[in-house]
Undergrad: 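One structure is given below, represented as structure tokens, and several questions about it will come after.
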Amino acid sequence: MGNWDFIDKYGVLIAAALLVAVLFGVRLKLQTSPTRLPAEDWSAEDDEYGYRPQPIPDVQIGNAQTIGRRQEQDDYFASAATRVGTMAVIADGISGLKNGRMSSTLAVTTFSREFLKVEDPREIPEYFHNAALVSNRAILEQLGGENGGTTLVVAVICGRRLHWGAVGDSMLILFRNGELMPVNSKHTLETVLEERYLSGEISKEDALQNPMRNQLINYLGYGGFKSMEAGEPVYLEPGDIVILCSDGVVDALTEVELEEILRLKLPPQETAERIIEGVEQKSFKNQDNATVMILEKRE
């Protein structure tokens, strides 16, 4: 009877102590395994290049655009930051064709949505490939046989690496040590003509005077589209500035003019606004839509 008296007297206290111990154990387990990935997901090489989840966005972004002399703004852009990295994308609906705005909006929306599904940096090349195919198919379905399409350039900064993809003539440029460094190539007949000139197939005059040299040879919304250009990641150095822009920017401003603005080392938003101000000050009669995004990694 004495043992039962002990339980009757102290049973509630013992049960409470056990409950507290269980809750403490659960809490401790949650604190030690929140976002850390399994060890096999992050190799020594990954650590070297800063491949770590980024709980806080470590990239500053500025953006600006102008409609130019067009009747409609066919450029569309977006950015997103996740634990994998920071993504920025610009699409430029093809002027002179119907449905340019629809095409650029659909492409940017698709690339943004698909980026949110990326859980590991090693999935980024596949993300570029899949997002491009999904966008192209969706645009073609919306066009229903009508003309249309869009160029696109996308960048993902993950740790110290710049991943990139492009199709058409929108540009990705790196500003390093005071100079501009184009990252992607233009998918226009001009590029083909330059290759033919360098191989000796045509003369320099033929390459420069071809009236179709600015014609796109690859874009989203194109029936013959197979893939986008996606190069090896670029290792970012301290002070690097990443620039995404539609052709309305690089066709209006010279490299020297762009470099002069970037050398001011203004915050990204002010840099983007200065670039668009420079485009508008040119007052070109046929100024195209122009959009720019500036990405700077916090040190």
Side-chain angles (χ1 to χ4, degrees), residues 37 39-63 77-91 107-108 110-135 151-187 191 218 220 226-245 250 262 268 292-299:
L37 296 177
E40 60 270 22
D41 285 343
W42 302 101
S43 67
E45 181 181 4
D46 293 333
D47 291 345
E48 179 183 355
Y49 291 105
Y51 265 4
R52 288 289 182 183
Q54 302 296 324
I56 300 174
D58 63 346
V59 176
Q60 292 181 296
I61 301 177
N63 53 66
F77 65 93
S79 62
T82 70
R83 57 192 292 277
V84 171
T86 298
M87 183 279 300
V89 57
I90 289 179
V108 167
T110 300
F111 271 79
S112 300
R113 185 188 65 234
E114 294 298 312
F115 177 68
L116 300 180
K117 300 177 183 176
V118 178
E119 297 180 345
D120 187 289
R122 279 165 283 255
E123 298 173 3
I124 293 174
E126 184 180 0
Y127 150 63
F128 288 156
H129 177 70
N130 289 339
L133 292 179
V134 172
S135 298
T151 72
L152 181 138
V153 61
V154 56
V156 177
I157 295 180
C158 174
R160 301 191 68 83
R161 283 186 176 185
L162 168 65
H163 300 259
W164 62 273
V167 58
D169 59 2
S170 292
M171 296 298 296
L172 177 65
I173 307 168
L174 191 63
F175 183 70
R176 173 178 291 172
N177 298 326
E179 295 184 356
L180 294 172
M181 303 167 56
V183 177
N184 66 310
S185 58
K186 288 186 176 182
H187 301 168
T191 303
N218 196 23
L220 297 176
K226 290 183 173 55
S227 64
M228 70 190 303
E229 179 185 9
E232 291 295 320
V234 177
Y235 185 76
L236 293 176
E237 298 179 358
D240 281 353
I241 298 176
V242 179
I243 304 133
L244 292 82
C245 62
V250 291
L262 292 162
V292 65
M293 299 184 77
I294 303 295
L295 278 64
E296 287 189 49
K297 184 173 172 58
R298 293 188 176 93
E299 299 303 328

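Keep in mind it's a predicted model, so treat the numbers as computed, not measured.
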Undergrad: Using modelled atom types only, decide if a donor and an acceptor are shared between the side chain of N218 and the backbone of S227 within a distance under 3.5 Å.
TA: yes
Undergrad: Do the side chain of T110 and the main chain of A131 share a donor and acceptor less than 3.5 angstrom apart?
TA: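 No.
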Undergrad: Could you walk me through whether L262 and L180 satisfy the side chain to side chain contact (heavy atoms under 4.5 Å, CB included) test, starting with their C-alpha distance in whole Å, then the side-chain angles of each, then the deciding distance to 0.1 Å, before giving a yes or no?
TA: CA-CA 9 Å; L262 292 162; L180 294 172; 3.5 Å; yes
Undergrad: Any sub-3.5 Å donor-acceptor pair from R160's side-chain atoms to L236's backbone N or O?
TA: yes
Undergrad: Mind telling me whether F115 and Y127 have parallel, tilted or perpendicular rings, with 30° and 60° as the class edges?
TA: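 Taking F115 first and then Y127, their aromatic rings sit tilted (interplane angle of 30° to 60°).
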Undergrad: Of all the heavy-atom pairs spanning F111 and A132, show the shortest one and how long it is.
TA: CZ-N, 3.6 Å
Undergrad: For the pair V242 and I294, evaluate side chain to side chain contact (heavy atoms under 4.5 Å, CB included) and give the outcome as yes or no after the intermediate values.
TA: CA-CA 6 Å; V242 179; I294 303 295; over 6 Å; no
Undergrad: Taking salt bridge (Lys or Arg N to Asp or Glu O under 4.0 Å) as the definition, give me every residue that meets it alongside R113, ordered by chain and number, with sequence neighbours left out.
TA: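 None.
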Undergrad: Given salt bridge (charged side-chain N to carboxylate O under 4.0 Å, His left out), test D240 with R176 step by step and report yes or no.
TA: CA-CA 5 Å; D240 281 353; R176 173 178 291 172; 2.7 Å; yes
Undergrad: To check you understand the geometry: which heavy-atom pair defines the closest contact between M228 and A166, and what is its length?
TA: CE-N, 3.3 Å
Undergrad: Taking the side chain from K297 and the backbone from E237, do they hold a donor-acceptor pair closer than 3.5 Å?
TA: no
Undergrad: Taking atom CD as the centre, does Q60 end up with more than 12 heavy-atom neighbours from other residues, nucleotides or ligands that are less than 6.0 angstrom away?
TA: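 Yes.
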Undergrad: With sequence neighbours excluded, tell me which residues meet side-chain hydrogen bond (donor to acceptor under 3.5 Å, both in side chains) with E296.
TA: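 Counting only residues at least two positions away or on another chain, E296 forms no side-chain hydrogen bond (donor to acceptor under 3.5 Å, both in side chains).
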Undergrad: For H187 and V167, work out which heavy atoms get closest and say how close.
TA: ND1-CA, 3.5 Å
Undergrad: Which pair of non-hydrogen atoms, one from V59 and one from I157, has the smallest distance, and what is that distance?
TA: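 That closest heavy-atom pairing would be CG2-CG2, 3.9 Å.
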Undergrad: According to salt bridge (Lys or Arg N to Asp or Glu O under 4.0 Å), who are the partners of E123, at least two apart in sequence or on a separate chain?
TA: none
Undergrad: Below 4.5 Å, heavy atoms only, C-beta onward: do V183 and V153 meet side chain to side chain?
TA: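 Not touching, per the 4.5 Å side-chain cut-off.
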Undergrad: So, does D58 use its side chain to make a donor-acceptor pair with the main chain of T86 at under 3.5 Å?
TA: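 No; judged by distance alone, with no hydrogens or angles, the pair does not exist.
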